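One structure is given here, and the rest of the page talks about it.
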Protein chains: 2
Amino acid sequence: MSAPLPYRDPTRPVAERVADLLARMTVDEKIGQLMMWDARGEDLSCVTARHAGALLHILGDKANRAMDLAATTRLGIPLLIGEDAIHGHSFWQGATIFPTQLALACSWNPALIEQVARVTAREVVPTGIHWTFSPVLCLSRDLRWGRTGETFGEDPWLIGELGAAMIRGYQGAGLADPEGILATAKHYAGYSETQGGRDASEADLSPRKLRSYFLPPFRRAVQAGAMTFMTGYQSIDGVPSTANRWLLTEVLKDEWGFRGVLVTDWDNVGRLVHEQQVCANRAEAAAVALKAGNDLVMVTPDFFDGAREALARGLITEADLDAPCARLLALKFAMGLFEQPRRADLAEAARRTGCAAHRAINLDAARQSLVLLHNDGLLPLDPGALRRIAVIGPNADDALQQLGDWSLGSCQHPPEAGQHPRETVTTVLDGLRQLAPPGLQVLHAPGCRITDEGTEGVEEAMALAAQADVVVAVVGDHLSLVGETLSTATLELQGGQVALLDALAACGRPFVLVLVNSKPLVLPRSAGRARAILQAFNPGMCGGQAVAEAVFGQLNPSGRLAISMPVHVGQQPVFYSQVRGQHGHRYADLTQAPRWPFGHGLGYTRFAWRDARLDAREVPIGEPVTLRVTVQNVGARHGVEVVQAYVSDLVTSVTWVQRSLQGCARVELAPGESREVVITLPPEAFRLVDARGREVIEPGDFEVQVGPSSREEDLTRLPLTLHRR
Amino acid sequence: MSAPLPYRDPTRPVAERVADLLARMTVDEKIGQLMMWDARGEDLSCVTARHAGALLHILGDKANRAMDLAATTRLGIPLLIGEDAIHGHSFWQGATIFPTQLALACSWNPALIEQVARVTAREVVPTGIHWTFSPVLCLSRDLRWGRTGETFGEDPWLIGELGAAMIRGYQGAGLADPEGILATAKHYAGYSETQGGRDASEADLSPRKLRSYFLPPFRRAVQAGAMTFMTGYQSIDGVPSTANRWLLTEVLKDEWGFRGVLVTDWDNVGRLVHEQQVCANRAEAAAVALKAGNDLVMVTPDFFDGAREALARGLITEADLDAPCARLLALKFAMGLFEQPRRADLAEAARRTGCAAHRAINLDAARQSLVLLHNDGLLPLDPGALRRIAVIGPNADDALQQLGDWSLGSCQHPPEAGQHPRETVTTVLDGLRQLAPPGLQVLHAPGCRITDEGTEGVEEAMALAAQADVVVAVVGDHLSLVGETLSTATLELQGGQVALLDALAACGRPFVLVLVNSKPLVLPRSAGRARAILQAFNPGMCGGQAVAEAVFGQLNPSGRLAISMPVHVGQQPVFYSQVRGQHGHRYADLTQAPRWPFGHGLGYTRFAWRDARLDAREVPIGEPVTLRVTVQNVGARHGVEVVQAYVSDLVTSVTWVQRSLQGCARVELAPGESREVVITLPPEAFRLVDARGREVIEPGDFEVQVGPSSREEDLTRLPLTLHRR
């Protein structure tokens with residue numbers, strides 16, 4: 001038996017195998033290797049005729065067919081198959097669909113999020129997928145953006161922590177882990193910060209501002225071992241992400257040492273020509289993308305001829321193909337795909353998909369994601385003391401809107417792809433019916449729709465409300481108002497929802513408002529009459545159960561907002577960590593304060609805080625700072641407090657944020673129990689980015705501010721001086 | 001008789017006089033020379049004890065006293081006295097108060113604006129003032145900003161043209177012109193573009209974005225000879241304007257060759273410490289301000305000791321004082337103030353202030369500023385055919401709100417300073433009453449207030465409306481919602497105004513809506529029932545007459561919006577010249593199009609356009625491009641059309657604007673008359689700013705787009721190719 005070709009020999013080092021294989025590849029094979037194709041149709045000829053290196057939107061048996069086909073090609077280079085498993089295995093029938101990132105972020109719980117990602121990977125792996133395009137590490141500061149719900153909220157530090165946890169969860173023990181999938185840190189970078197909150201428009205971000213707020217979560221992702229990055233759709237200061245060599249090569253690869261694969265977003269290379277108009281043709285676009293540092297081109301079929309033409313015209317050399325090709329091949333070798341292409345195993349998939357163990361974790365995630373925004377004491381209801389509750393509102397019993405974007409039924413797949421089985425989803429109505437004791441009647445009417453302003457259903461809903469002891473009104477948004485290309489200008493409740501709430505407020509029955517939606521919305525004046533308000537950002541399949549538990553008091557809500565909620569869209573931005581310096585402190589026609597700030601969240605018990613202190617008041621720059629505070633549950637119920645530690649630098653060489661979150665701890669306490677919480681702030685917690693874009697720690701006076709929210713009045717201020725060693 | 005000291009000898013060159021005087025000055029005298037003091041109180045000791053170089057807010061006899069006092073000091077250096085003569089001599093009783101800049105900009109008429117500034121200078125000079133802090137050259141893109149009405153709108157080119165005209169008008173024949181006053185190009189730069197539209201907060205502006213849009217009007221101001229610049233209050237990317245050496249010294253002084261005086265805005269140096277927190281104390285702040293390139297420090301009394309301490313601590317050297325001091329002295333010498341301090345002449349002031357000739361120009365300005373936004377044919381009314389009109393709304397007869405900010409009664413002066421005489425102001429009600437023929441009864445009720453939501457007046461107003469053939473409803477904003485520190489979050493009509501319009505729409509009488517306000521507002525749904533809408537941005541003392549003339553048809557409105565008007569604040573920004581590249585073309589819940597775009601404006605006649613063409617389709621880079629189009633008045637009334645020429649670069653090395661205004665012509669035509677309009681676009685009309693911040697003209701395909709507004713569908717597209725010579 002002859003020895004295998006060097007690149008086929010798994011005992012050789014990856015670098016050697018890459019070099020051997022590269023040397024055997026034609027130009028066309030190299031170009032093909034750099035391309036990822038949309039495989040939703042039946043045609044898989046891209047694998048053979050275009051030497052495709054990667055596919056997306058292909059699952060199960062069909063993925064196996066594609067992998068088998070790749071094995072028959074001249075060099076037998078295995079495919080890399082990616083899919084949008086965004087909050088669970090989005091498009092696999094019956095998969096465990098978790099709360100969205102924004103919902104999960106409200107748990108302030110990295111361990112939970114790691115677990116969610118682990119479960120997702122376990123469901124994804126046996127369906128023939130190697131790679132998920134998750135997590136999103138964008139900062140949501142303009143809430144109009146349709147993808148706000150896909151983010152971990154507004155804070156760079158929290159995003160970094162939660163993103164790292166999610167990456168660990170997806171990737172597991174490493175590239176060789178057969179239970180792991182590749183994570184994607186996306187969208188690199190600044191995609192959330194576009195003009196008017198419009199999707200993929202221009203972003204006004206200086207390199208310094210990027211380094212101050214937008215890049216840190218991505219650097220954290222590299223440190224956490226994220227094996228792929230995806231570029232943003234937008235431009236920054238005239239330069240499309242796809243063309244931004246500084247960002248893609250100098251920062252990501254050279255400065256941070258990222259060794260993985262950088263993939264464009266959907267047709268980013270084509271958009272250089274037809275959308276951003278910075279290239280005259282496909283050849284120029286291919287050259288610009290390669291020179292900037294993109295490794296893999298997602299769904300730009302024209303790239304194949306474009307790259308060939310660029311080579312012919314001398315816009316690129318073959319070395320420009322070799323570099324990204326080597327990265328892709330190295331990844332495939334390191335994953336062992338040449339030996340084991342990780343085909344789908346549908347029997348295993350069936351065992352895992354939506355199994356009870358996964359559902360239990362999903363329920364836990366839904367519970368921890370729930371934020372009690374307001375409560376005058378009405379909640380928790382005592383279900384034994386009630387005779388009738390009326391559950392009204394369009395999102396009370398709409399499985400599709402509850403799951404939100406990136407799920408079967410959302411825009412990424414055609415309607416014929418179906419939806420997740422209705423019985424896998426517990427809506428709020430389902431949950432309340434399931435938990436209502438026998439004597440409690442649960443009435444229901446949607447009252448209105450979100451997609452049109454018709455109010456003919458309001459009367460029926462009010463008739464139910466009139467009979468009820470308490471009303472639970474479930475309003476929110478709709479898939480037609482969420483996601484890519486679907487930014488919203490007003491943030492206001494759409495359709496008949498304002499009319500419904502106005503009628504409800506006027507009818508005088510006590511009501512609980514439940515918000516089931518993707519991102520912070522603006523509430524009408526009548527919502528001010530709600531006795532309690534629960535925020536359930538798309539809470540996943542078990543969301544309705546968690547809400548019902550909170551309403552009836554089986555669950556003590558513990559979520560804290562990972563994003564500030566505005567009073568009006570015109571207040572934007574309302575994120576808490578704004579830069580100092582302004583004349584006045586409010587708008588002439590409105591407060592500047594959000595309705596609820598970052599870090600806010602209520603529960604059914606109370607906590608007392610005492611003995612907040614730093615181990616040292618004077619610390620040399622470069623050493624950590626230790627904060628201690630004792631928290632006691634002084635209420636009558638078991639509960640969770642989230643200790644939040646903010647840093648404020650009092651004099652800075654550049655204008656800088658008033659405070660920034662740099663540590664947190666989730667503390668579970670029984671009634672009466674108290675605990676000393678210790679948070680160690682690493683040296684970099686005190687950094688700023690100076691006028692020349694350098695990260696520095698400036699000596700001088702600081703404060704560590706600790707408390708249960710980002711509100712000024714909730715924080716205890718602890719003075720600290722940092723001095724040069 | 002002994003020879004005068006060299007610096008007192010007007011026959012010597014300015015440079016020699018400056019050098020001589022500088023050599024005689026103590027450190028304290030130098031520091032004092034760099035300071036401008038608020039002289040509103042009775043205490044003028046700053047002139048003697050602090051060697052003040054300049055004062056503001058001092059007029060007439062008191063200004064003379066201060067000048068005389070300065071003459072008694074050791075070196076007798078004359079004072080420079082500045083005042084906010086913003087749209088007319090704002091704070092001089094009975095002065096001619098013109099429409100605001102935003103209103104004037106809607107004339108698209110530089111000659112008119114030059115005339116307005118000339119009249120202002122003529123009224124200012126005899127009151128003892130040398131200098132006005134006008135014009136504002138900021139771009140209004142975030143309409144929430146309270147100072148939007150102080151700008152010439154949203155377009156860099158138009159702002160540059162109108163700003164240059166205003167500077168010419170103020171400064172007249174030059175520094176020695178006894179009828180001229182110094183103009184101020186302000187606020188340098190990017191002050192309009194702050195976070196959340198909040199006054200003086202952080203601005204996200206890269207050097208490239210500044211050079212693309214925000215700096216060109218200021219460069220134009222230098223070319224037009226503006227002798228002073230004022231810095232902005234805000235920070236850009238961490239650096240307060242006051243501390244921005246790149247902006248103040250490298251660009252303004254070194255690159256553009258600005259030879260005049262750069263003044264801070266109010267207490268900008270103090271704010272480095274107490275507001276922006278970038279300096280620990282007054283000494284650091286003084287040093288930072290001097291090193292950055294500020295020449296004159298407005299109202300930071302602490303600067304005196306701060307600069308002394310900075311010198312003692314070695315943060316600055318005496319040379320850092322000499323450079324700005326030399327600029328100030330040079331300006332004073334060049335103005336001849338050492339020989340003739342330009343004292344107030346109150347008799348002459350009395351002759352000029354608000355004289356008939358000035359009022360005539362003011363009326364012309366009000367007429368040309370008026371924009372007819374919408375008209376279904378109701379306007380012009382035939383007053384002879386009407387029996388009763390009802391004039392309702394809080395701004396129908398409120399002189400103070402009509403004049404707007406920077407006028408007696410606005411926040412810059414205390415209430416006891418009084419207001420301009422009521423008889424100098426023609427409100428809309430006044431105007432309609434004056435122009436109504438004897439048989440026409442003009443009824444009036446305010447209906448509501450802007451400052452509270454009370455609706456008790458609505459009923460009375462509706463009773464009048466019910467009796468009337470036509471209603472003229474005059475709504476808008478209020479001084480409590482306009483100006484520095486007074487940004488607005490919602491742009492919505494405040495107080496009882498929405499309720500009033502709702503009632504009016506419901507009552508069914510035909511109504512004309514007149515908007516008397518500072519900046520674009522968002523209109524409620526009921527405004528859609530208005531049969532015609534007239535926009536009168538604070539239209540000055542004659543505004544009501546112009547409106548009445550337009551309503552009754554004596555005036556054919558000719559204004560064109562210099563700023564786009566949104567449907568909702570959440571659509572922002574809505575300026576027309578946005579950068580290309582976006583997914584989708586609308587918000588999911590709202591159109592992305594403004595209610596009325598830049599360049600829009602109706603009239604009572606119609607124009608036909610034909611034969612639009614370029615003299616050449618292929619032009620070498622660096623040569624001008626000549627556009628011709630024939631416009632004919634095909635209606636029955638004398639009228640004005642504004643020909644607008646936009647440039648679109650079809651492929652650009654960076655993402656760039658879809659189109660930008662680069663020329664315009666205001667054409668007055670009698671019925672049936674036609675004229676060929678020729679617009680020459682200079683080479684720089686085709687420039688862009690590349691990724692490295694350089695202004696370049698890139699060869700390739702362009703379009704010149706010509707038409708009566710910035711709307712895509714209003715424009716004729718003329719292909720053009722620019723090639724390298």
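Within every chain, numbering begins at 1; the chains are lettered A, B, ... in the order of the sequence lines, protein sequences first and strands thereafter. Please read all numbers here as calculations on a predicted model, not as lab measurements.
When heavy atoms are compared at a cutoff of 4.5 Å, A:Val239 approaches chain B by way of both its backbone and its side chain. Of the two parts of A:Glu275, the backbone and the side chain both hold a non-hydrogen atom closer than 4.5 Å to a non-hydrogen atom of chain B. Proximity to chain B is limited to the side chain of A:Leu590, based on heavy atoms less than 4.5 angstrom apart. Using a 4.5 Å cut-off between heavy atoms, B:Thr490 contacts chain A through both its backbone and its side chain. Both the backbone and the side chain of A:Thr488 come within contact range of chain B, judged by heavy atoms closer than 4.5 Å. In this structure, chain B has a heavy atom under 4.5 Å from the backbone of A:Leu491, while its side chain stays farther away. Interface residue A:Ser480: only backbone heavy atoms are found under 4.5 Å from chain B.
In this structure, A:Tyr191 contributes its side chain and A:Asp199 its backbone to no donor-acceptor pair below 3.5 Å. A donor-acceptor contact shorter than 3.5 Å is absent between the side chain of A:Asn517 and the backbone of A:Gly476. Distance alone, capped at 3.5 Å, places no donor-acceptor pair between the A:Lys291 side chain and the A:Arg245 backbone. Between the B:Thr148 side chain and the B:Trp145 main chain, a donor and an acceptor come within less than 3.5 Å of each other. No side-chain donor-acceptor contact under 3.5 Å links A:Gln494 to the backbone of A:Asp477.
Most heavy-atom pairs under 4.5 Å with chain B, from the set A:Gly700, A:Ser201, A:Ser487, A:Ser206: that is A:Ser487. Contacts with chain A were tallied for B:Gly581, B:Ala588, B:Gly238; B:Gly238 has the most, counting heavy-atom pairs under 4.5 Å. When the candidates B:Gly146, B:Ala200, B:Gly584 are compared by the number of heavy-atom contacts under 4.5 Å with chain A, B:Ala200 comes out ahead. In terms of non-hydrogen atom pairs under 4.5 Å with chain B, the most contact-rich of A:Leu650, A:Thr194, A:Asp237, A:Val273 is A:Asp237. Top candidate by heavy-atom pairs under 4.5 Å with chain A, chosen from B:His585, B:Gln276, B:Arg580, is B:Arg580. Of the residues considered (A:Ala280, A:Ala489, A:Pro573), A:Ala489 shows the highest number of contacts with chain B, using heavy-atom pairs under 4.5 Å. Taking chain B as the reference chain and counting heavy-atom pairs below 4.5 Å, the highest number among A:Asp690, A:Val567, A:Leu481, A:Val574 is found for A:Leu481. Ranked by heavy-atom pairs under 4.5 Å with chain B, the first of A:Ser235, A:Ala691, A:Pro240, A:Ala243 is A:Ser235. Among A:Val278, A:Val569, A:Thr485, A:Asp589, the residue making the largest number of heavy-atom pairs under 4.5 Å with chain B is A:Asp589.
Taking CG of B:Leu521 as the reference point, atom CD of B:Gln497 lies at 8.5 Å (rounded to 0.5 Å). One distance of note links CG of B:Leu247 with CD1 of B:Ile236; it measures 5.5 Å at 0.5 Å rounding. Expressed to the nearest 0.5 Å, how far CD of B:Gln578 lies from OG of B:Ser564 amounts to 8.5 Å.
Nearest heavy atoms, A:Tyr587 versus B:Gly196: OH-O, 2.6 Å.
Relative to the ring axis of A:Tyr213, A:Arg208 does not place its NZ or CZ within 45° and under 6.0 Å from the centre.
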